[in-house]
Chemist: 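One structure, as structure tokens, below. Some questions next.
All values derive from a computational prediction rather than experimental measurement. Below, chains carry the letters A, B, ... as their sequence lines are ordered, and counting in each starts from 1.
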Amino acid sequence: MSAMRGFVVKEFHHILRDRQTLLILLLLPLAQVLLFGFALRTDIQGVRLVVVDPAPDASTLALRSRFTAGGTFRIVGVEATTAALAPRFQAGEADQAVVFEPGFGEKLAHEGQAQVLVITDATDPNTGATMQAYATAVIQRYEQEAAQRAGPRGVRIVPETRMRFNPTLESVNLFVPGLIALVLTIVSALMSAISLSREKERGTLEVLLVSPLRPWEIIAGKVLPYLALGFANVLTVLAAAWFVFKVPFRGSVLLLLGESLLFIVTCLALGTVIAAVTSSQRTAMIAALTGLMMPTTILGGMIFPIDSMPGWMRPLTNVVPGKWFILISRGIMLKGVGLGDLWQETAILAGMMAVLLVVAVRAFRVRLG
Amino acid sequence: MRTLRFLLRKEFLQIRRDPAIMRMLVVMPIVQLLLLGNAATFEIRSSRMYVVDEDHSPASRGLVTRLAASGRFEIAGASPSMALANQALLHREVSSIVHVPARFERDLVRTGSAPVQLVFNAEDGAAAGILRTWAGRIIAAYSAELSGEIRPATATLAGAPVRGAGHIEVRARGWFNPGLDYQAYMVPGILVLLVTMVATALGSMNIVREKELGTLEQLNVTPVTRAEFIASKLIPFWVIGLGVLAFGLTVARLAFGIPMRGNLGLVFLGAAVYLLVALSIGLWISTIVETQQQAMFVTFAINMVYMLMSGLFTPILSMPRWAQWIAQLSPVKHFIVVMRAVLVKGAGLGAVLLPLAILAAYAAIVLTLAVRQYSKRAA
């Protein structure tokens, strides 16, 4: 066991001696969470709106002022006909247009029915759908309030909506847990992949393999210092989430730290496996980086809801460790649930870790032969 | 020129000899493209809804039927208990709850107005907001429908139109992409990102690897000029990158049916300039850093900016102003603009001249930087 201790101490020295790299490893994750935490948001502000109002009247003017009231919309032009719309959209000067039918107020008052056409630039379907929903909501609110003022006529069902777990639909609350998972996945996997593949490339791994250390001890010794480093990363990024982004921590912080530790070990083990199956530092690093970045981002549920994916695609997301950590961290941070509700996710992550560790140790044992 | 030819042959041989590189350059982007192209969608399928009906009246049943019949909501559970509903929401078994309180119909008849509670799981962001709007429309339509059947006791002049209280019918239309098709929008972008990531990573490791192995010193004492050296490192990956992009576009066309409305030559002109930028940035990194490990972390940082700030996943318009400037620095952003304009909107050269010019200027600047940075080391 003392050989093991000596080995771990040596590894710690290796890392501590290279101040430059150490600094990068400590600051990079924090910097990334800060940068992207501010940059990633889906709430849309300042939609450039063109109003087509052939015959302005009290109703259309009132509705127009509703659009400008919230700050979400900015009216960039009022036209009398729809002919002017196409060039404005093509030139990218307008994002959306609201077209009132002629005699809008008159029809609304006397026939009880009037039409509005909402045209949206849907080049980006996500932004397009959101803008469409925003505009519809404004019109709907106006309609409801007008109905209230007019007194009861017919019946009205009043929907009371609640947005559970994130009442203000704050983008930060959704993206920061995902961002933490993404950054930790890649930094951890890269770190362990690099440290092992470098020894392999330089031939020093052979020396280690003929030493009395067993394969699992070599891997453990290599990975332990990075576990400490990874945990330091967890502390800094969670502190950023709490102090800078004010993400609520409704559940137990201790549980979150424990789960983070589990997640880091899983990712470190993943890096080890990558190092074991690749032949050079370069291949290991590129495989870890490009093999993990897009899949973790897209399949982890950080940006794209897993429920939106086609049915056959959804089971595939289960192999992404980040997905489980995102479920766990959102659960603890936003929903305030405990281990009782998260045991399944935790067990899956632990199972992944076990499998990856076994594969890593075996892969290195094979090299001995 | 002769020297360059020999250097190029050496680089190509080296790449061909390492099967891992070819696998990463060709197989990985294509496989990821096929998988991720399907997954990168915000399309909102029907929301699983839990029904808590405490009223059990024709009116409450009608409401639930309208919600289900709209195709937007799928009834995934029902019980009179709000506690059970909350549990289901917590465990993500459902993503919304509709709660019809007792005396719903009675209130409608007596007072002409009754509340309905809607609860959404807001964990998935924008989707919750859109679902709320849909539910609101369905309920408003149902109110209007019921108004014909129920005459509340308090109604003034029942049936007579009252000023300003009419129904506004909203019709929605999406231009340029009426079906809100995500793949036409996402797949070209994902392809660009994948090719860029691998190319930048390979480029950034390239020179520093020679540095680490000590072969750079040997090259430095040969009559190879700096420009020839950088060119020899650049051209092979540039050629392969263009090839992978062409292959990827073919796959995207066949597998996802992405539109190709404009001139493909224009896309490749853009790609040629763009790859020059992406690879030069990689080479520049490679001349600055000391070890492959450092090269990797810098590449990681840059690739994260490429991926998250090019406007592919979240709109650039939503970012704070300073972040929008950073987004402008990403060459990926400009190339995606070119690709989308040409492929989706069928734009001609005139419409994409600006992003092309930006990319060309970018390439010139970064290439100069890389050559100069390298010369310092060679001195």
Chemist: With side chains defined as the heavy atoms from C-beta onward, is the minimum distance between B:Glu290 and A:Gln20 less than 4.5 Å?
Modeler: no
Chemist: Which atom names give the shortest non-hydrogen contact between A:Pro310 and B:Asn38, and what distance separates them?
Modeler: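 Scanning both residues completely, I find the closest heavy atoms to be CD-O, 3.3 Å.
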Chemist: Below 4.5 Å, heavy atoms only, C-beta onward: do A:Leu289 and B:Met197 meet side chain to side chain?
Modeler: no
Chemist: Quick one: what part of B:Gln324 sits under 4.5 Å from any heavy atom of chain A, side chain, backbone, both or neither?
Modeler: neither
Chemist: Side chains of B:Leu89 and A:Phe165, heavy atoms from C-beta outward: is any pair under 4.5 Å?
Modeler: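 Counting from C-beta outward, B:Leu89 and A:Phe165 do come under 4.5 Å.
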Chemist: Using every non-hydrogen atom in the two residues, find where A:Pro295 and B:Gln32 come nearest and quote the distance to one decimal.
Modeler: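 So the two residues come closest at CD-OE1, 3.5 Å.
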Chemist: Where does B:Gln293 contact chain A at under 4.5 Å (heavy atoms): side chain, backbone, both or neither?
Modeler: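 Answer is both: backbone and side chain atoms of B:Gln293 are under 4.5 Å from chain A.
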Chemist: Indicate yes or no: at least one non-hydrogen side-chain atom of B:Leu194 is less than 4.5 angstrom from one of A:Thr290.
Modeler: no
Chemist: Please rank B:Pro115, B:Ser96, B:Ala201 by heavy-atom pairs under 4.5 Å with chain A and give me the top one.
Modeler: B:Pro115
Chemist: Backbone N or O of B:Val305 within a donor-acceptor pair of the A:Gln32 side chain at under 3.5 Å?
Modeler: no
Chemist: Report the option among B:Arg340, B:Arg209, B:Met319, B:Gln294 that has the most heavy-atom pairs separated by less than 4.5 Å from atoms of chain A.
Modeler: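 Maximum pair count with chain A is reached by B:Arg209.
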Chemist: With respect to chain B, which residue among A:Met313, A:Met293, A:Arg330 yields the maximal number of heavy-atom pairs within a distance under 4.5 Å?
Modeler: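 Most heavy-atom pairs under 4.5 Å with chain B: A:Met293.
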Chemist: Mind checking whether B:Leu308 and A:Leu35 have side chains closer than 4.5 Å, heavy atoms only?
Modeler: no
Chemist: May I ask you to decide if the ring planes of A:Phe304 and B:Phe42 are parallel, tilted or perpendicular, using 30° and 60° as cut-offs?
Modeler: tilted
Chemist: May I ask you to name which of B:Ala323, B:Ala327, B:Ser204, B:Pro320 has the most heavy-atom pairs under 4.5 Å with chain A?
Modeler: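 Max contact count across the listed options: B:Pro320.
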Chemist: Which region of B:Leu35, side chain (C-beta onward) or backbone (N, CA, C, O), has a non-hydrogen atom less than 4.5 Å from a non-hydrogen atom of chain A, or is it both or neither?
Modeler: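 Both backbone and side chain.
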Chemist: Do you know which of A:Phe104, A:Phe38, A:Phe175 has the most heavy-atom pairs under 4.5 Å to chain B?
Modeler: A:Phe38
Chemist: Taking C-beta and beyond as the side chain, do B:Met309 and A:Phe36 meet within less than 4.5 Å on heavy atoms?
Modeler: yes
Chemist: If I measure from the heavy atoms of chain A, does B:Asp18 come under 4.5 Å with its side chain, its backbone, both, or neither?
Modeler: side chain
Chemist: What I'd like to find out is whether the side chain of B:Phe297 reaches to under 4.5 Å of the side chain of A:Ile194, using heavy atoms alone.
Modeler: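 They are in contact (side-chain heavy atoms under 4.5 Å apart), so the answer is yes.
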Chemist: Using a 4.5 angstrom heavy-atom cutoff, name the option from B:Val31, B:Thr299, B:Asn86 with the most pairs to chain A.
Modeler: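 Top count of heavy-atom pairs under 4.5 Å with chain A: B:Asn86.
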Chemist: Which heavy atom of A:Leu299 sits nearest to which heavy atom of B:Ala39, and what is that distance?
Modeler: CD2-CB, 3.4 Å
Chemist: Go through B:Arg48, B:His91, B:Met304 and name the one with the most non-hydrogen pairs under 4.5 angstrom from chain A.
Modeler: B:Met304
Chemist: Is it the case that B:Gln292 and A:Arg282 place a side-chain donor and acceptor less than 3.5 Å from each other?
Modeler: no
Chemist: Quick one: are A:Lys335 and B:Arg92 in side-chain contact, heavy atoms under 4.5 Å?
Modeler: yes
Chemist: May I ask you to name which of A:Thr21, A:Leu179, A:Thr297 has the most heavy-atom pairs under 4.5 Å with chain B?
Modeler: A:Thr297
Chemist: Looking only at heavy atoms and a cut-off of under 4.5 Å, which of A:Asp341, A:Thr317, A:Val187 has the most pairs with chain B?
Modeler: A:Asp341
